[in-house]
Amino acid sequence: MALMSAVPASAAEQMLFVSQGGAYQKAQTIAILDPAAKKLGITINQDSVPDAWPIMRSQVATGKPTWDVVDVATNFCLRGGEQGIVEKLDFSKIPNAAAMPAEYRSDYSIAYEFYSSVMGYSLKKFPDAATAPKTWADFWDVKKFPGRRSLRNHPLATLEAALMADGVAPDKLYPLDVDRAFKKLEEIKPNITVWWTSGAQSAQLLNDGEVDMVMAWNGRISALVKEGAKVTYTYNQGILQSTSLCVLKGAPNLPTAIKFLNEAVDPVHQANLPMQIDYGPANPKAYDTGVIPAARVAELPSAPANAKAQALMSYAWWTSADGEAAEKRWLAFTQK
Amino acid sequence: MSAIDPSLRYQRREQGLMLLLASPAVIVIVALVVLPVGWLMGQSFYDGGFTLEHYKRIFSEDIYWRSFLLTFRIAFTVTVLTLILGYPVAYAAAHARRPWDMLILSFVILPFWTSVLVRAYAWLVLLQRTGVANQVLERFGLISDPLALVHNELGTVIATVHILLPFMVLPLYSTMQKIPRDLMLAGASLGGGPLHTFLRVFLPLSLPGVVAGLTLVFVLTLGFYITPELLGGGRTIMISMVVSRNVELYNQWGAASAIGVVLLVCVLAIFMLVGRIIPLDKMLGQK
């Protein structure tokens with residue numbers, strides 16, 4: 001009897017979820033995927049791919065995709081929507097999304113978790129909080145804050161930081177003034193020791209004292225802090241970024257996928273995520289569940305107080321023609 | 001027509017048999033090399049239809065030239081350095097007695113079995129500001145500020161030389177080992193000093209190994225990716241990195257494969273030029 005009831009009729013319902021693997025996918029399995037599967041009575045199969053975008057394209061191109069839901073950087077969901085690779089979402093079937101700010105959603109995507117590109121620095125070099133760098137203008141000010149610096153070898157968030165350093169307000173960034181941003185970047189270029197390419201590299205550079213200041217993802221620096229490294233970071237003028245969930249066009253289990261999407265942004269599941277890993281929930285209601293202790297809230301990039309101090313990245317701008325042109329310009333910039 | 005020379009007929013049959021014997025290898029090479037490379041070349045002229053757009057971009061934007069120049073400059077530097085460092089090592093290994101030659105070779109081969117990624121990270125640890133190299137130099141008072149040994153072209157060259165050294169030493173060693181010792185003795189008995197016999201007898205005979213080593217190292221450096229990516233500080237952008245960025249940026253195989261085709265043409269052109277001066281086929285022992 002017990003066995004019978006453990007296998008409801010809907011047990012046949014399953015779907016394939018694809019994420020980026022590693023500690024991140026493990027954390028979301030515990031916090032979101034397993035509880036969601038249990039609650040919906042479905043089976044969630046998983047796959048992990050660090051760079052899903054080219055595979056998303058080829059999956060849809062074959063006409064018989066095997067993936068259902070993909071967790072990727074939001075710009076890929078939007079680009080996928082534009083190119084007919086991603087399903088348009090019917091938000092009436094995703095009631096949990098109603099509590100989320102409109103900027104966290106698009107016709108093709110729903111924000112899943114937040115991270116932030118923040119300024120991190122060495123406490124050995126800047127031990128005194130009163131005289132430590134606080135803004136991107138400080139990061140650019142090599143006279144007042146001597147030291148070696150590192151930025152990401154990618155235009156996303158880097159152009160935003162350059163514009164803030166040049167005096168643009170965090171809420172007035174878009175559409176980005178690309179020329180102005182690159183001009184400002186030329187200014188700091190001679191003082192950039194390394195243009196980093198992987199998150200692990202950015203943390204290692206700061207930890208080894210190879211650089212004194214770095215723009216890096218908050219989780220990378222907070223991991224160093226936990227290990228006892230003499231480093232810290234500020235959310236002030238951070239650039240709030242997200243990965244989103246989207247559904248592949250022609251997904252084999254579309255109705256199940258939509259059901260899962262709604263469950264994935266459920267406030268309680270969302271609140272469980274930061275208890276496993278240093279990423280913030282995308283559904284602000286997660287902060288009202290009481291699941292996350294106050295001390296933890298203060299550390300999270302999407303916590304209301306931290307979000308207010310930051311700029312929210314516009315993925316819509318980055319997937320526009322201007323955004324793509326800026327991305328192409330980056331290669332020439334780093335080479336000269 | 002029927003009056004064919006019997007020896008010619010025999011030769012033809014021989015050739016046909018050879019072709020038959022070689023056919024499995026030919027099939028494998030066609031399937032695994034010719035077809036994919038051909039497909040890639042085709043892609044470079046394709047973007048929804050025939051186009052020269054990908055090539056136009058390469059020749060109109062100077063970022064591509066900068067990368068080509070940098071890549072060839074690094075390849076040249078690395079090749080020369082591996083020869084200077086590798087020749088004495090191969091010479092020592094070829095002339096040392098039993099256990100010692102094996103020891104020398106094992107020092108060459110052991111790192112060869114270690115992953116390129118691991119070795120690149122090891123160089124990062126050695127060469128960075130707080131790394132072993134800078135600490136030693138500072139301790140001995142040779143420098144007051146750490147040197148920028150890594151996150152630039154220098155770091156890339158150092159690590160690449162280390163990684164590719166076995167590709168220079170091994171062909172040199174195998175060539176040197178085959179040089180009869182009697183020839184050196186003969187040279188000496190005719191009154192040649194050690195330097196003289198080396199320059200007039202040993203060096204010319206070791207040239208096939210030198211050319212093989214130079215060719216291997218040069219071509220391998222052209223395709224290096226992980227090392228400049230990790231040790232170049234984001235500024236040492238070699239051509240393979242441009243290929244990967246092109247796949248990311250333009251999402252087209254064509255954009256990337258066009259660069260590959262240009263690189264291939266450059267390499268072939270260089271070998272043809274070098275072949276004019278040095279008979280490569282003879283050096284490589286083909287004929």
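Just so it is clear: chains get the letters A, B, ... in the order the sequence lines come, proteins before strands, and each one is counted from 1. Computed from a predicted model, the values in this text were never measured in an experiment.
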Query raised in the report: Between Val242(B) and chain A, which part of the residue has a heavy atom less than 4.5 Å away: side chain, backbone, both or neither?
Result: side chain
Query raised in the report: Got a sec, which residues hit side-chain contact (heavy atoms from CB on, under 4.5 Å) with Asp166(A), two or more places apart in sequence or on another chain?
Result: Arg180(A), Lys184(A)
Requested in this report: Could you tell me which portion of Leu70(B) (side chain, backbone, both or neither) has an atom closer than 4.5 angstrom to a non-hydrogen atom of chain A?
Outcome: neither
Query raised in the report: Which answer fits Leu205(A), side chain, backbone, both or neither, if we ask what part of it has an atom under 4.5 Å from a heavy atom of chain B?
Result: side chain
Report summary line: Taken in chain and number order and not counting sequence neighbours, the residues that satisfy side-chain hydrogen bond (donor to acceptor under 3.5 Å, both in side chains) with Tyr112(A) are Gln28(A)
Using atom types as modelled and no hydrogens or angles, find all donor-acceptor pairs between chain A and chain B shorter than 3.5 Å.
from: Trp53(A); atom 1: NE1; to: Asn251(B); atom 2: OD1; distance (Å): 3.1
from: Arg57(A); atom 1: NH2; to: Asn251(B); atom 2: O; distance (Å): 3.2
from: Ile192(A); atom 1: O; to: Arg235(B); atom 2: NH1; distance (Å): 2.9
from: Thr193(A); atom 1: O; to: Arg235(B); atom 2: NH2; distance (Å): 2.6
from: Trp195(A); atom 1: N; to: Gly233(B); atom 2: O; distance (Å): 2.9
from: Asp208(A); atom 1: O; to: Thr130(B); atom 2: OG1; distance (Å): 3.0
from: Asp208(A); atom 1: OD2; to: Gln128(B); atom 2: NE2; distance (Å): 3.2
from: Glu210(A); atom 1: OE1; to: Arg129(B); atom 2: N; distance (Å): 2.9
from: Gln335(A); atom 1: NE2; to: Ile63(B); atom 2: O; distance (Å): 3.2
from: Gln335(A); atom 1: NE2; to: Ser67(B); atom 2: OG; distance (Å): 2.3

Report task. Decide if atom CZ of Phe140(B) counts as having more than 12 heavy atoms of other residues, nucleotides or ligands within a radius under 6.0 Å. Result -> no
Query raised in the report: Is it true that atom NZ of Lys226(A) has more than 12 heavy atoms of other residues, nucleotides or ligands lying nearer than 6.0 Å?
Result: yes
Query - Partner residues of Leu273(B) under the side-chain contact (heavy atoms from CB on, under 4.5 Å) criterion, sequence neighbours left out - result: none
